[in-house]
*Asks:* 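Mind looking over this structure? Questions follow.
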Amino acid sequence: MTKASVCTIGDEILIGQIVDTNSSNIARSLEEIGVAVTRMLSIGDDRKTIINTLRNELKNNEIVISTGGLGPTKDDITKDALKKLFGSNGYIEHSGQLKIIREILHSRGLDMLDINRAQALVPKGCEVIENRLGTAPIMVFRFPKERFGHDATLYSLPGVPHEAIGMLPEVIDDIVSHNPLSAILHRNVMVYGLAESALSKLIEPWEESLPDGMHLAYLPNPLTGVRLRLSMYGGSSEEEKTLVEAEIAKLKAILGDRIYSDTDDTLERAVGRLLLNAGKTVSAAESCTGGEISHLLTTVPGSSAYYLGSVTSYAVSVKENVLGVPAEIISEHGVVSSEVAAAMAEGVRKLTGSDYSVSTTGLAGPGGDGVNPEGTVWIGVSGPNGTITQKRNYHNDRRRNIERFAASSLDLLRQMILKDINH
């Protein structure tokens, strides 16, 4: 299998000034085409360290992708280090990238300076993938077999995530066209409502009986649940596809409605499909989630066909005066209660005229209310056949609690819609 290393360059990463999101995106894209990532490294802005580290990675991998250190200022020394590593004897100006630089600057009302023009200079002998999204070109250095004992290629990308990730598909296309890659067959199954440990225990017999060559990965996420990824390396023949589909069918028999999708999906897209296919609409009344549920629903293209609107009823007065929650219910049961969640859901459903509605009232933290601990949420879901509520408790920081509240609300909404469809 073709091996790769991903290297980020820049002191700002090593001192924690910025978070490296490039490496994970690059590694994911490489894995999808059958390239095994062996290492992910961060290198400081030191010429000798850059050269020695990249040289070592090229010795051990057929592909090395670096990001960063290609800005217009004098402290960006990566290009010079790459020139020395490659053994180039000078620079040439790349006319295509120069044209892009000029267009970008002019669109911003800026003049071309010498430091801008210098970004179009690349070491002689390297190839260039023009960066349409920024000023620094993507440089491709191909090393012959005699240099490292195998054919090796170094791709140097800018560090700005918008540019690095935006141009990554072209880099991947170049890798595919220059390397004999073994295909990898992946299928994803999305599960919500089970912790990773509980899920692992439940499907343990199934996992232990997987055919040779089939691999399972658990990929948990607070917003999407656990993504189970089935993989077969070395090809994607019809026989392999049939084997994977057979295992997914067995998994569905075990997990039932806990599976909300058999593709790499999100709860909001799954809910949206159910609503769209059923010709139904939804609204939301949010307190502790502060609009997070509505945000998730409206990130889905075409959500205007089923999402009507929401009320962010953070204050008690809004719960009472806008949603119509009776003051005596709040007085008797407290704001964080099943009764208030139900009344909120029913109130916003009546207010908007939606077929379904979802509500949240809880304590994202820090701190509880003397009755309910931090991380408590009551979820209400109202539909044509009645209203249900559910209490959930999480033990995370405020932001993570809000995310978990919203995801759990979408899943309870999904379950009600499914129940109505199946009856």
*Asks:* Is there a side-chain contact (heavy atoms from CB on, under 4.5 Å) between Leu323 and Val318 once you walk through the steps?
*Replies:* CA-CA 7 Å; Leu323 294 176; Val318 178; 5.6 Å; no
*Asks:* So does Asn422 have more than 12 non-hydrogen atoms from other groups sitting under 6.0 Å from CG?
*Replies:*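 Yes, because the 6.0 Å sphere around CG of Asn422 holds more than 12 heavy atoms from other groups.
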*Asks:* In this structure, are over 12 heavy atoms from other groups packed under 6.0 Å from Arg227 atom CZ?
*Replies:*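 Correct, the count exceeds 12.
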*Asks:* Find the distance between CD1 (Ile329) and OG (Ser337) and round it off to the nearest 0.5 Å.
*Replies:*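 That separation rounds to 8.0 Å.
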*Asks:* Any side-chain heavy-atom pair from Leu194 and Val226 closer than 4.5 angstrom?
*Replies:*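 When only atoms from C-beta onward are counted, Val226 and Leu194 do not touch, as no gap falls below 4.5 Å.
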*Asks:* Can you check whether Leu210 reaches Leu216 side chain to side chain, under 4.5 Å on heavy atoms?
*Replies:*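 When only atoms from C-beta onward are counted, Leu216 and Leu210 do touch, with a gap below 4.5 Å.
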*Asks:* Which heavy atom in Ser382 sits nearest to a heavy atom in Ala345, and how many Å separate them?
*Replies:*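 Shortest heavy-atom contact: CB-CB, 4.0 Å.
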*Asks:* Which pair of non-hydrogen atoms, one from Leu202 and one from Arg258, has the smallest distance, and what is that distance?
*Replies:*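 Minimum heavy-atom separation between Leu202 and Arg258: CD2-NH1, 4.1 Å.
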*Asks:* Between Glu346 and Lys350, does at least one N-O distance fall below 4.0 Å, as a salt bridge requires?
*Replies:*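 Result for this pair is no, no salt bridge flagged.
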*Asks:* Could you tell me whether the side chain of His395 reaches within less than 4.5 Å of the side chain of Glu374, counting heavy atoms only?
*Replies:*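 A side-chain contact is absent here, since even the closest heavy-atom pair is not under 4.5 Å.
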*Asks:* The criterion is side chain to side chain donor-acceptor pair (under 3.5 Å); which residues satisfy it with Lys419, sequence neighbours excluded?
*Replies:*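 By the side chain to side chain donor-acceptor pair (under 3.5 Å) rule, Lys419 matches no residue at all.
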*Asks:* Quick one: do the His186 and Ser231 side chains pair a donor with an acceptor below 3.5 Å?
*Replies:*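 A pair is found: one side chain offers a donor N or O, the other an acceptor, under 3.5 Å apart.
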*Asks:* What I want to find out is whether Arg414 reaches Asp411 closely enough, with some N-O distance under 4.0 Å, to be called a salt bridge.
*Replies:*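 Asp411 and Arg414: salt-bridged.
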*Asks:* Between Val64, Leu85, Ile43, which is the residue that forms a side chain to side chain contact (heavy atoms under 4.5 Å, CB included) with Thr53?
*Replies:*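 Only one option passes, and that is Ile43.
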*Asks:* Assess whether atom CD of Glu239 is packed by more than 12 heavy atoms of other residues, nucleotides or ligands within 6.0 Å.
*Replies:*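 At most 12 heavy atoms, drawn from other residues, nucleotides or ligands, come within 6.0 Å of this atom.
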*Asks:* Do Val381 and Thr387 have side-chain heavy atoms sitting under 4.5 Å apart?
*Replies:*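 No, too far: nothing below the 4.5 Å cut-off.
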*Asks:* Checking side-chain polar atoms at under 3.5 Å, does Gln119 have a donor or acceptor matched by the opposite partner on Arg117?
*Replies:*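 The criterion, which ignores hydrogens and geometry beyond distance, is not satisfied for Arg117 and Gln119.
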*Asks:* For Thr38 and Ala4, indicate whether the former's side chain and the latter's backbone hold a donor-acceptor pair under 3.5 Å.
*Replies:*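 Yes.
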*Asks:* For the side chain of Lys319 and the backbone of Ala327, is there at least one donor-acceptor N/O pair under 3.5 Å apart?
*Replies:*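 Side chain of Lys319 to backbone of Ala327, a donor-acceptor pair under 3.5 Å: no, none is there.
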*Asks:* Please check if any side-chain donor atom of Asn22 sits under 3.5 Å from a side-chain acceptor atom of Asn25, or the reverse.
*Replies:*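 There is no such pair (donor and acceptor under 3.5 Å, judged by atom type) between the side chains of Asn22 and Asn25.
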*Asks:* Can Thr224 and Thr266 be said to form a side-chain hydrogen bond (donor to acceptor under 3.5 Å, both in side chains), step by step?
*Replies:* CA-CA 5 Å; Thr224 58; Thr266 63; over 6 Å; no
*Asks:* Give a yes-or-no answer on whether the side chains of Glu292 and Thr289 include a donor-acceptor pair shorter than 3.5 Å.
*Replies:*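 Looking only at side-chain atoms, Thr289 and Glu292 do not form any donor-acceptor pair under 3.5 Å.
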*Asks:* Quick one: do Lys3 and Glu57 make a salt bridge, cutoff under 4.0 Å?
*Replies:*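 No, Lys3 and Glu57 are not salt-bridged.
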*Asks:* What I want to check is whether the side chains of Asp355 and Thr281 have a donor and an acceptor closer together than 3.5 Å.
*Replies:*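 Yes.
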*Asks:* Side-chain contact, heavy-atom cut-off 4.5 Å: Met416 with Tyr356?
*Replies:*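 The answer is yes; the side chains approach within 4.5 Å.
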*Asks:* How many angstroms lie between atom CD1 of Ile172 and atom OH of Tyr155, to the nearest 0.5 angstrom?
*Replies:*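 Here the rounded value is 8.5 Å.
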*Asks:* What verdict does the side-chain contact (heavy atoms from CB on, under 4.5 Å) test give for Asp257 and Leu418, after you've listed the backbone C-alpha separation in whole Å, the side-chain angles of each residue and the deciding distance to 0.1 Å?
*Replies:* CA-CA 9 Å; Asp257 287 345; Leu418 274 176; 4.2 Å; yes
*Asks:* Does any donor atom in the side chain of Asn401 or Arg398 lie under 3.5 Å from an acceptor atom in the other side chain?
*Replies:*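 The criterion, which ignores hydrogens and geometry beyond distance, is not satisfied for Arg398 and Asn401.
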*Asks:* Checking Thr298 side chain against Ser303 main chain: does a donor-acceptor pair fall under 3.5 Å?
*Replies:*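 Such a contact is absent between Thr298 side chain and Ser303 backbone.
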*Asks:* Once rounded to the nearest 0.5 Å, what's the spacing between atom CE of Met190 and atom CG of Leu267?
*Replies:*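 CG of Leu267 is found 7.5 Å from CE of Met190.
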*Asks:* What are the two closest non-hydrogen atoms of Ala81 and Ile50, and how far apart are they?
*Replies:*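 Distance-wise, the nearest heavy atoms are CB-CG2, 3.8 Å.
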*Asks:* Just checking, any donor-acceptor pair under 3.5 angstrom between side chains of Trp378 and Glu339?
*Replies:*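 Result is no, nothing qualifies.
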*Asks:* Distance only, no hydrogens: is a donor on one side chain within 3.5 Å (strictly under) of an acceptor on the other, for Ser408 and Tyr394?
*Replies:*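 Yes, side-chain donor-acceptor contact under 3.5 Å.
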*Asks:* I need the Thr135 OG1 to Met112 CE distance, nearest 0.5 Å.
*Replies:*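 It comes to 9.5 Å.
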*Asks:* Please report the shortest heavy-atom distance between Pro222 and Arg404, naming the atom on each side.
*Replies:*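 Minimum heavy-atom contact is CB-CD, 3.4 Å.
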*Asks:* Can you name the nearest heavy-atom pair linking Met1 to Ala36, along with the distance?
*Replies:*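 Heavy atoms only, the tightest pair is SD-CB, 3.5 Å.
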*Asks:* Quick check: closest heavy atoms across Val358 and Ser409, and the distance to 0.1 Å?
*Replies:*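 Residues Val358 and Ser409, closest heavy atoms: CG2-CB, 3.7 Å.
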*Asks:* With no hydrogens and no angle check, just 3.5 Å: does a side-chain donor-acceptor pair link Ser287 and Ser313?
*Replies:*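 Not at all, the side chains of Ser287 and Ser313 share no donor-acceptor pair under 3.5 Å.
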*Asks:* Testing the 3.5 Å rule here: is there a donor-acceptor pair between the side chains of Ser338 and Lys391?
*Replies:*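 No, because no side-chain N or O of Ser338 sits under 3.5 Å from a partner of the opposite role on Lys391.
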*Asks:* Does any non-hydrogen side-chain atom of Ile104 lie less than 4.5 Å from one of Ile101?
*Replies:*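 Answer no - side chains too far apart.
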*Asks:* Look up atom CD1 in Ile129 and atom NE2 in His94, then write down how far apart they are to the nearest 0.5 Å.
*Replies:*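 That separation rounds to 10.0 Å.
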*Asks:* Run the side-chain contact (heavy atoms from CB on, under 4.5 Å) test on Leu223 and Leu296 for me, step by step, so that the C-alpha distance in whole Å, both residues' side-chain angles and the decisive distance to 0.1 Å come before the verdict.
*Replies:* CA-CA 10 Å; Leu223 277 176; Leu296 291 171; 4.0 Å; yes
*Asks:* Between Asn131 and Glu163, does any side-chain donor sit less than 3.5 Å from a side-chain acceptor?
*Replies:*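 Present: a donor and an acceptor within the cut-off.
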*Asks:* Charged N to carboxylate O under 4.0 angstrom, Arg142 versus Asp174?
*Replies:*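 Looking at Arg142 and Asp174, the cut-off is met.
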*Asks:* Would you say the side chains of Glu207 and Tyr218 form a donor-acceptor pair under 3.5 Å?
*Replies:*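 Side chains of Glu207 and Tyr218: pair found under 3.5 Å.
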*Asks:* Ignoring hydrogens and angles, tell me if any N or O in the side chain of Ser359 forms a donor-acceptor pair with the backbone of Ala341 under 3.5 Å.
*Replies:*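 Yes.
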*Asks:* Out of Val189, Asn188, Ile248, which one pairs with Leu230 under the side chain to side chain contact (heavy atoms under 4.5 Å, CB included) rule?
*Replies:*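 The passing option is Ile248.
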*Asks:* Without hydrogens or angle criteria, can the side chains of Ser294 and Tyr307 be said to hold a donor-acceptor pair below 3.5 Å?
*Replies:*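 A pair is found: one side chain offers a donor N or O, the other an acceptor, under 3.5 Å apart.
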*Asks:* Short question: side chain of Thr78, backbone of Gly69 - any donor-acceptor pair under 3.5 Å?
*Replies:*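 Yes.
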*Asks:* Strictly by salt bridge (Lys or Arg N to Asp or Glu O under 4.0 Å), give each pair with a member in residues 270-285 just once, sequence neighbours left out.
*Replies:*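 For residues 270-285, and leaving out neighbouring residues, the salt bridge (Lys or Arg N to Asp or Glu O under 4.0 Å) pairs sorted by first residue read Asp265-Arg273.
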*Asks:* Contact between Asp420 and Ile417 at the side-chain level, heavy atoms closer than 4.5 Å - yes or no?
*Replies:*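 No, their side chains stay 4.5 Å or more apart.
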*Asks:* Quick one: do Leu54 and Leu82 satisfy side-chain contact (heavy atoms from CB on, under 4.5 Å)? Show the steps, please.
*Replies:* CA-CA 9 Å; Leu54 293 179; Leu82 296 178; 3.5 Å; yes
*Asks:* Could you tell me whether the side chain of Thr389 reaches within less than 4.5 Å of the side chain of Ile379, counting heavy atoms only?
*Replies:*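 In short, these two side chains do not touch, never coming nearer than 4.5 Å.
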*Asks:* Between Arg28 and Glu31, is there a salt bridge with N-O shorter than 4.0 Å?
*Replies:*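 The answer is no: the pair does not qualify as a salt bridge.
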*Asks:* If you measure from OH on Tyr306 to OG on Ser283, what distance do you get to the nearest 0.5 Å?
*Replies:*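 Answer rounded to 0.5 Å: 14.0 Å.
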*Asks:* Is it the case that more than 12 heavy atoms not belonging to Arg39 sit under 6.0 Å from its CZ atom?
*Replies:*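 No.
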*Asks:* Under 3.5 Å, is there a donor-acceptor pair linking the side chains of Ser5 and Asn61?
*Replies:*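 There is no such pair (donor and acceptor under 3.5 Å, judged by atom type) between the side chains of Ser5 and Asn61.
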